[in-house]
2 protein chains.
Amino acid sequence: MSYRVLYIEDEDHLANIVKETMELKGYMVLHQREGLKILETIPAFRPDICVLDVMLPYIDGFTLGNTIRKHYPSLPIIFLTAKGQTKDVLEGFSSGGTDYLRKPFSMEELMIRINNQIAIRRQTPSPRIEHKQKEFHLGSFTYSPDRLELRSASGIVKLSNREAEIMNIFCMQPNATIDRRELMQIVWGDDSYFISRNLDVYIRRLRDYFAMGQGVEIITLKGKGYHFSVS
Amino acid sequence: MSYRVLYIEDEDHLANIVKETMELKGYMVLHQREGLKILETIPAFRPDICVLDVMLPYIDGFTLGNTIRKHYPSLPIIFLTAKGQTKDVLEGFSSGGTDYLRKPFSMEELMIRINNQIAIRRQTPSPRIEHKQKEFHLGSFTYSPDRLELRSASGIVKLSNREAEIMNIFCMQPNATIDRRELMQIVWGDDSYFISRNLDVYIRRLRDYFAMGQGVEIITLKGKGYHFSVS
DNA sequence: CCCAAATAAGGTTAAATTAGGTTAACGAAA
DNA sequence: TTTCGTTAACCTAATTTAACCTTATTTGGG
């Protein structure tokens, strides 16, 4: 089983190196440049661990850590702090960090600490991340993520795993733009060409389902992603 | 309240510095030069955390860590490793360490990590002691893990050992995704092809049972595992 | 500055693959 | 000898791959 790492880092160069190394070790990594939408990303991606840079635009890492801790008390968080900032480290732990690493760090060191945090957490029988909502009302449809069911006047459709994963992401952000690459990253852990055709197939299926009722539409934003339009 | 640190270190000079610094910070420290009698020391001293040097006479730190972990699964252990010994570190974590520090370390760093480990442990409500529930109410069913019985309006089904093992795992995480490989690892200690067909057989049997009532469903998440849907 | 060709992005459909499901039968333990 | 767990052969459905199609966006000539 491959573990899922949510990694927030604004420096692209560093991020790419770290991401690739982690992927080589068999982890599924979702990298984002800032944490504004983290409360939507977490239930969609269901990470086993978060790795947060501390210096981030918009929201700093510690604030982010606090937010995560509030909603997901048992999700491990590793902070990446700038060197020589002990005060920061203390603040980091008080804001819910379970470990930290000073920059510059070796990948080896990071991997060890990630493995360790996941191992510690797995010993404790802790609840996995669940969908916060039991049901979503979308136009003339009702979607239940627990039962993977899409209900409407014309009947019940059982969604497959992949179909449901995409639905879950859409439901987190109704009437918003969902980035195509990000979507692929979350569902397939990859955004290559073949996955891309693959996503198309599933979008097609969802559109078929939604055509059986009213009020929901998946609108293509070419070059960007999809707009999940719900009324 | 002052926390209690059990500190095993054979270098007297270093040990004194560390001990004194910790005491200045208000910790109660018991320092010993080797770990031969650790299983007598722990219940007597009741430490909140153990700090173990790795290079020790008679018994090395990792072996010691293993022993401690066996008897006190939730007691945090910090290893102090010689520099440049990554292999050792990995071994250390697998032998139950919860953190480690490379020599030479700063006292500040050690204090931070000790505090953090104690804090983490305090957060965990009932650390690692499995709380076995007497009965689970699942839809129109009642499952009793003690009696291996699944009761519903249509009668009582006696579950076999294997059936119950799988049920137990499902009941720990209702409405969550259970990884297929992980499930096989837990029940059979193996996730090979034949085990896989085997699991299918048992899933089938459980599904048959649940078909006799309502509110419980085992949903396949292809490529992932199962979703134990309970209402 | 406009329009058509070129190109890139996404859509459709069906075949291929792989993961999982079903059923029956066999053998070991109780 | 009955129950349970495993193996095996065969079946079904989700997912991926592939080939081909359509539409938006870009580009460059007039």
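Note that this is a predicted model, so its numbers are computed, not measured. Naming: A, B, ... by sequence-line order, numbering from 1 per chain.
In this model, no donor atom of one side chain and acceptor atom of the other lie less than 3.5 Å apart for B/Asn198 and B/Tyr193. If you check the side chains of A/Tyr3 and A/Asn115, you find no donor sitting under 3.5 Å from an acceptor. Checked by atom type, the side-chain pair A/Glu9/A/Gln32 shows no donor-acceptor distance below 3.5 Å.
Nucleic acid contact for B/Arg207: sugar-phosphate only, since backbone atoms but no base atoms lie under 4.0 Å from a heavy atom of the residue.
Aromatic ring centroids of A/Phe170 and A/Phe228 lie under 6.0 Å apart.
Rounded to a whole Å, the CG atom of A/Leu183 is 15 Å from the C1' atom of C/dA9. What separates CZ of A/Arg162 from P of C/dA19 is a distance of 12 Å, to the nearest Å. Between the CG atom of B/Asn198 and the P atom of C/dA25 there is a distance of 18 Å, given to the nearest Å. Atom CG in B/Leu199 sits roughly 14 Å away from atom C1' in C/dT22 (whole-Å rounding). In this structure, B/Glu165 places its CD atom 14 Å from P of D/dC4, rounding to the nearest Å. Look at CG on B/Asp200: it is 15 Å from P on D/dA14, rounded to the nearest Å. Spacing between atom CZ of B/Arg205 and atom P of C/dT23 amounts to 12 Å, rounded to whole angstrom units. Between A/Ile218 atom CD1 and C/dT12 atom C1' the separation is 15 Å, expressed in whole Å.
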A/Glu149/A/Lys158 under salt bridge (Lys or Arg N to Asp or Glu O under 4.0 Å): CA gap, chis, key distance, verdict: CA-CA 5 Å; A/Glu149 272 178 9; A/Lys158 288 236 165 216; 3.4 Å; yes
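Dashed line: the shortest gap from a side-chain N or O of B/Trp188 to OP1 or OP2 of D/dT6 is under 4.0 Å. Checking the phosphate oxygens (OP1, OP2) of C/dG20, a side-chain nitrogen or oxygen of B/Arg180 falls inside 4.0 Å. Considering only side-chain N and O atoms, A/Arg204 lies under 4.0 angstrom from the phosphate OP1 or OP2 of C/dT13. Listed pair B/Thr220 / C/dG21 meets the phosphate criterion, a side-chain N or O lying under 4.0 Å from OP1 or OP2. Considering only side-chain N and O atoms, B/Tyr193 lies nowhere under 4.0 angstrom from the phosphate OP1 or OP2 of C/dT18.
The nearest heavy atom of DNA chain C to B/Lys222 and to B/Asp208 marks one nucleotide each, and the one closer to the 5' end goes with B/Lys222. Take the nearest nucleotide of DNA chain C for B/Gly223 and for B/Val201: the residue whose nucleotide is more 5' is B/Gly223. Both B/Glu163 and A/Glu163 lie close to DNA chain D; mapped to their nearest nucleotides by heavy-atom distance, the more 5′-ward contact belongs to B/Glu163.
With distances taken from any side-chain atom of A/Tyr202 to the nucleotides C/dT22, D/dT16, D/dG5, the minimum falls on D/dT16.
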